[in-house]
Amino acid sequence: MASRSTGWLAALPVYNEVGYVDGVLDEVVRYAADVLVVNDGSNDGTADVLDRRSDVTVIHHPKNRGYGAALITAFEFAISRGYAGLVTLDCDGQHQPKRIPEFIAAASDADIVSGSRYLKVYDGDDAPPEERLFINRRITRELNQRLGFDLTDAFCGFKAYRTSALQHLDITDEGYAMPLQLWVEAAAADLRVIEIPVPLIYLDLERSFGGSLDHAETRLRYYHQVLDSAFAVAAADGRDFPGRDIALSV
């Protein structure tokens with residue numbers, strides 16, 4: 001895969017998605033010339049499926065390190081290869097690859113374009129699991145209050161980043177709460193964020209967050225710990241959170 005100073009990379013973190021990965025990637029390569037898959041220590045045959053493909057670049061983590069770790073690897077790859085930007089999407093069928101060009105186009109006016117499942121109602125939208133919706137709304141509200149954002153969906157993994165913006169972010173959280181550290185870092189760097197609507201799709205209502213994090217209250221406490229830590233790190237570095245415009249594109 002060649003360096004592309006003006007090109008965009010599509011990147012997918014993958015962990016145990018043997019039932020989805022081929023179908024999703026068949027769609028992704030229709031809308032992205034360069035595709036990276038970060039296999040985060042899958043042990044269900046996903047690695048073998050990926051190794052049979054010649055149309056994507058694959059980075060294997062020998063062991064499962066976490067959702068955030070896979071995205072950090074993708075960020076580092078995009079920056080090191082000189083891409084202008086990076087689109088991230090999940091490999092579980094919840095994100096529609098046909099929307100990749102829309103994210104790239106929106107990034108002409110933003111540093112980060114973040115998908116939101118709550119900006120617009122689409123025909124056929126799924127009902128989100130109640131506890132996930134509750135946690136999303138609560139954390140999103142707290143982020144807005146603490147950072148001056150006006151986000152509607154703090155956790156959507158469908159995003160576009162300009163690599164020039166990624167270089168201002170110090171992302172270290174390797175788990176599911178990585179998006180929370182991301183928002184604190186984005187605010188401290190005074191990045192411009194745009195939300196665009198995406199359909200609300202849930203294909204696996206039993207998907208695990210891993211161990212004790214499947215318990216909603218434990219997961220919420222964990223998210224608060226990550227947020228508090230991210231704020232403490234920014235403060236220790238002497239960074240503050242200047243006011244920003246957060247645009248909503250509907």
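Heads up: numbering here begins at 1 and tracks the sequence.
Side-chain atoms of Asp92 come within 3.5 Å of backbone atoms of Gln94 as a donor-acceptor pair (strictly under, hydrogens ignored). Here the side chain of Glu185 pairs a donor or acceptor atom with the backbone of Asp170 at under 3.5 angstrom. Although no hydrogens or angles enter the test, the distance criterion places a donor-acceptor pair under 3.5 Å between the side chain of Asn39 and the main chain of Ser42. Remark: side-chain polar atoms of Arg192 are paired, donor with acceptor, to backbone N or O of Asp109 under 3.5 angstrom. With Asn64 contributing its side chain and Tyr15 its backbone, the two residues share no donor-acceptor pair below 3.5 Å. A donor-acceptor contact shorter than 3.5 Å links the side chain of Thr88 to the backbone of Gly157. Between the side chain of Thr46 and the main chain of Glu17, a donor-acceptor pair closer than 3.5 Å is present. Remark: the backbone N or O of Val18 is paired with a side-chain donor or acceptor of Asp44 at under 3.5 angstrom.
Between Arg99 and Pro199, some side-chain heavy-atom pair lies under the 4.5 Å cut-off. Taking 4.5 Å as the limit, some side-chain heavy atom of Val35 sits within range of a side-chain heavy atom of Leu12. Side-chain contact between Leu180 and Phe155: present, with at least one pair of heavy atoms (C-beta onward) separated by less than 4.5 Å. Side-chain contact between Val198 and His95 is absent, with no heavy-atom pair separated by less than 4.5 Å. For the pair Val193 and Leu151, the minimum side-chain heavy-atom distance is below 4.5 Å. In this structure, the side chains of Arg219 and Glu131 come closer than 4.5 Å at one or more pairs of heavy atoms. Taking 4.5 Å as the limit, some side-chain heavy atom of Asp90 sits within range of a side-chain heavy atom of Pro13. You'll find the side chain of Leu50 reaches within 4.5 Å of the side chain of Val21, heavy atoms only.
No continuous path of hydrophobic side-chain contacts links Leu119 to Val121 [ILVMFWY only; heavy atoms under 4.5 Å]. Leu147 and Val233 fall into different hydrophobic clusters, where Ile, Leu, Val, Met, Phe, Trp and Tyr residues are linked whenever their side-chain heavy atoms come under 4.5 Å apart, directly or through other members. Clustering ILVMFWY residues whenever any of their side-chain heavy atoms sit less than 4.5 angstrom apart, transitively, puts Phe134 in the very cluster that holds Tyr223.
Figure legend: cation-pi geometry between Arg146 and Phe231, with NZ or CZ positioned under 6.0 Å from the six-membered ring centre and within 45° of its axis.
Across every non-hydrogen atom of Asn136 and Ala154, the tightest pair is OD1-N, 3.5 Å. Summarising the geometry of Gly93 relative to Ile201, their closest heavy-atom pair is O-CG2, 3.8 Å, with the distance given to 0.1 Å. Pairing each heavy atom of Ala47 with each of His60, the nearest pair is CB-CE1, 3.9 Å. Scanning both residues, Ser114 and Cys156, for their nearest heavy atoms gives OG-O, 4.4 Å. Closest heavy-atom contact between Ala106 and Val113: C-CG2, 3.7 Å. Between Val24 and Pro97, the shortest heavy-atom distance links the atoms O-CG, 4.2 Å.
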Side chain to side chain contact (heavy atoms under 4.5 Å, CB included) between Asp22 and Arg53, worked out: CA-CA 9 Å; Asp22 253 343; Arg53 298 192 70 112; 2.7 Å; yes

Give the C-alpha distance, both sets of side-chain angles, the deciding distance and a yes or no for side chain to side chain contact (heavy atoms under 4.5 Å, CB included) between Leu200 and Tyr118. CA-CA 8 Å; Leu200 213 169; Tyr118 307 110; 3.6 Å; yes

Evaluate the criterion side chain to side chain contact (heavy atoms under 4.5 Å, CB included) for residue pair Leu227 and Leu143; output intermediate values, then yes/no. CA-CA 9 Å; Leu227 265 179; Leu143 278 170; 3.5 Å; yes

What do the steps show when you test Val14 against Val38 for side chain to side chain contact (heavy atoms under 4.5 Å, CB included), and what is the final call? CA-CA 6 Å; Val14 175; Val38 181; over 6 Å; no

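Taking the six-membered ring for Trp and thresholds of 30 and 60 degrees, Tyr67 and Tyr176 have nearly parallel ring planes, at less than 30 degrees apart.
A distance of 6.0 Å or more separates the ring centres of Trp8 and Tyr83.
Remark: the Glu195 side chain and the Thr152 side chain contain an N/O donor-acceptor pair separated by less than 3.5 Å. For the residue pair Asn144/Asp150, the side-chain donor-acceptor check at 3.5 Å is not satisfied. The closest side-chain donor-acceptor pair between His224 and Glu142 falls under 3.5 angstrom.
Checking Leu89, Val87, Leu182 one by one against Lys159, the side-chain contact (heavy atoms from CB on, under 4.5 Å) holds for a single residue, Leu182.
By the 4.0 Å N-to-carboxylate-O rule, Asp153 lies close enough to Arg117 to be salt-bridged with it. We find that Asp34 and Arg81 are not joined by a salt bridge, their nearest charged nitrogen and carboxylate oxygen being 4.0 Å or further apart. Between Arg30 and Asp55 there is no salt bridge, since no side-chain N of the basic residue sits under 4.0 Å from a carboxylate O of the acidic one.
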Check residues 72-79 and write down every donor-acceptor pair under 3.5 Å in which the side-chain atom is one partner and the other belongs to a residue at least two apart or another chain.
residue	atom	partner	partner atom	Å
Thr73	OG1	His61	NE2	2.8
Thr73	OG1	Ala69	O	3.2

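Atom CZ of residue Arg162 and atom CD1 of residue Ile104 lie 10.0 Å apart, to the nearest 0.5 angstrom. The CG atom of Asp40 sits 9.5 Å away from atom CG of Asn16, with the distance rounded to the nearest 0.5 Å. A distance of 5.5 Å separates CD in Gln181 from CG in Asp173, rounded to the nearest 0.5 Å.
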